[in-house]
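A quick write-up on the structure given underneath.
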2 protein chains.
Amino acid sequence: MSAAHTGVPAPVPAPLDTRMPTPVPVEEHEACPVSDVLRRIGDKWSVLVIVLLGQRRHRFNELHRGIEGISQRMLTRTLRGLEVDGLVHREVFPTVPPSVEYSLTPLGRTLLEPLSALAGWAVEHHGAIERSRRAHAGAADRDGG
Amino acid sequence: MSAAHTGVPAPVPAPLDTRMPTPVPVEEHEACPVSDVLRRIGDKWSVLVIVLLGQRRHRFNELHRGIEGISQRMLTRTLRGLEVDGLVHREVFPTVPPSVEYSLTPLGRTLLEPLSALAGWAVEHHGAIERSRRAHAGAADRDGG
DNA sequence: CAGAATCCAGAATGATACTG
DNA sequence: CAGTATCATTCTGGATTCTG
């Protein structure tokens, strides 16, 4: 197995060597756990739910009110997905009216640390990203128009 | 602005306090840089491209051959998206036949570090995630069948 | 070689109405 | 309160064909 998709071993400083040492296979990319996780939390709402549940546990409608713009359906689906992956715990209280509380599992809490690393990167560099996007949009205008 | 979506300040150890200190607004989640980055690199191929380009620069067809299963169209679209965001640099050599080399920009290289943190988490915990998925699949079978 | 253009299938997301 | 069911729409990814 190539090391390419098994762990991103280190922040390689990109030697930019013009030679081609290895053929770079990357066969089993479908099972790559990195892509797998990225696709799970890369959807529209999962990160927001994880962050909110990282602060404290919440009831369903608290999340619904707290995340402006999410539909009931998508909140349910997001929570189910995170629950199936073992990141979120769902606890039902058989009261009337019924009450359900969501919280992060221990596994889910371990995700907060690497997530905060990526969040820090995003906060630090989203200005540069947006400038780059605007610059390329302008370039496209000048190309096409 | 709420602090909820601006940086995931720290790996909060989830006090699980039953009180409700703050109302948790999360208004401007559409502009949340964390979700923004996650959605960019959470697609099917971006992470693989970033990892490969983190090792060294590549020509178009090297990437095409190196990433088994990717279509020409998706490789082009993925590279364009990363280029627009300022993470990938595209350099054209006007030879015949033409040659194009892709490499990470300095901004793109800074992403390797937080990405490797998340990758480490994924590698460490994807076993637990898959067990959880299988457990819930089995539970669904017993529920529905 | 490195793409662009076109067409298409399926998944993700959303609005709305209904239920225990 | 906490969902489920249904339908419509948008987005994503892919196969194929064509070009400088």
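Because the structure is predicted, anything quoted here is derived from the model rather than measured.
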Check: Nearest-Å distance, CG (B:D43) to C1' (D:dG14)?
Finding: 14 Å
Margin query: Tell me every residue that passes side chain to side chain contact (heavy atoms under 4.5 Å, CB included) with B:T105, counting only those two or more places apart in sequence or in another chain.
Written below: B:H89, B:L107
Checklist line | Residues that B:R134 engages under side chain to side chain contact (heavy atoms under 4.5 Å, CB included), provided they are two or more places apart | finding: B:E130, B:R131
Check: Are the side chain of B:S46 and the backbone of B:I41 linked by a donor-acceptor contact shorter than 3.5 Å?
Finding: no
Notebook entry, point to check: D:dG3 phosphate, OP1 or OP2: any side-chain N/O from A:R90 under 4.0 angstrom?
Noted result: yes
Item checked: Residues in ring pair (Phe, Tyr, Trp, His ring centres under 6.0 Å) contact with B:H64, at least two apart in sequence or another chain -> none
Next item on the list: Using the test side chain to side chain contact (heavy atoms under 4.5 Å, CB included), find all partners of A:R40 that sit at least two apart in sequence or belong to another chain.
Entry: A:L82, A:D85, B:R133
Notebook entry, point to check: So which of B:L104, B:L112, B:L48, B:L87 actually passes side-chain contact (heavy atoms from CB on, under 4.5 Å) with B:L53?
Noted result: B:L104
Next item on the list: Let me know the distance between CD1 of A:I70 and C1' of D:dA2, rounded to the nearest Å.
Entry: 14 Å
Check: For B:R39 and A:S99, take the nucleotide of DNA chain D holding the closest heavy atom to each; which residue's nucleotide lies nearer the 5' end?
Finding: A:S99
Item checked: Backbone of A:E113 reached by a side-chain donor or acceptor of A:S116 within 3.5 Å -> yes
Check: Within this structure, what is the CE-to-C1' distance between A:M74 and D:dG3, rounded to whole angstrom?
Finding: 15 Å
For nucleotides 15-20 of chain D, which of its nitrogen or oxygen atoms have a protein nitrogen or oxygen under 3.5 Å away, and what is each distance?
none

Checklist line | Net bend of the helix from C:dC1-D:dG20 to C:dG20-D:dC1, end axes of five pairs each, nearest 10 degrees | finding: 50°
Checklist line | Side-chain donor/acceptor of B:T76 to backbone N/O of B:Q72, under 3.5 Å | finding: yes
Notebook entry, point to check: Between atom CG in A:N61 and atom P in D:dC1, what is the gap in whole Å?
Noted result: 5 Å
Next item on the list: Report the distance from atom CD of B:E68 to atom P of D:dG14, rounded to the nearest whole Å.
Entry: 13 Å
Check: Do the non-hydrogen side-chain atoms of B:H136 and A:E83 ever get within less than 4.5 Å of each other?
Finding: yes
Next item on the list: Using atom CD of A:E62 as one end and atom C1' of D:dG3 as the other, report the distance to the nearest whole Å.
Entry: 16 Å
Notebook entry, point to check: For A:H64 and D:dA2, what is the distance between atoms NE2 and P respectively, to the nearest whole Å?
Noted result: 11 Å
Item checked: Under 4.0 angstrom between B:K44 side-chain N/O and D:dG14 OP1 or OP2 -> yes
Checklist line | Nearest-angstrom distance from the residue atom CZ of A:R80 to C1' of D:dT4 | finding: 10 Å
Margin query: What's B:Y102 touching, base or sugar-phosphate or nothing? Going by heavy atoms closer than 4.0 Å.
Written below: sugar-phosphate
Check: Restricting to pairs with a member in residues 94-123 of chain B, which pass ring pair (Phe, Tyr, Trp, His ring centres under 6.0 Å), not counting sequence neighbours?
Finding: B:W121-B:H125
Check: Could you give the start and end, 5' to 3', of the contact zone on DNA chain C for chain B, using atoms under 4.0 Å from its heavy atoms?
Finding: C:dC1 to C:dT13
Margin query: Test of understanding: with side chain to side chain contact (heavy atoms under 4.5 Å, CB included), list the residues that count as partners of B:V92, not counting sequence neighbours.
Written below: B:R90, B:V100
Margin query: Going by the rule side chain to side chain donor-acceptor pair (under 3.5 Å), which residues pair with B:T78 if we only count those two or more places apart in sequence or in a different chain?
Written below: none
Check: Taking only N and O in the side chain of B:R77, is any of them less than 4.0 Å away from OP1 or OP2 of D:dT12?
Finding: no
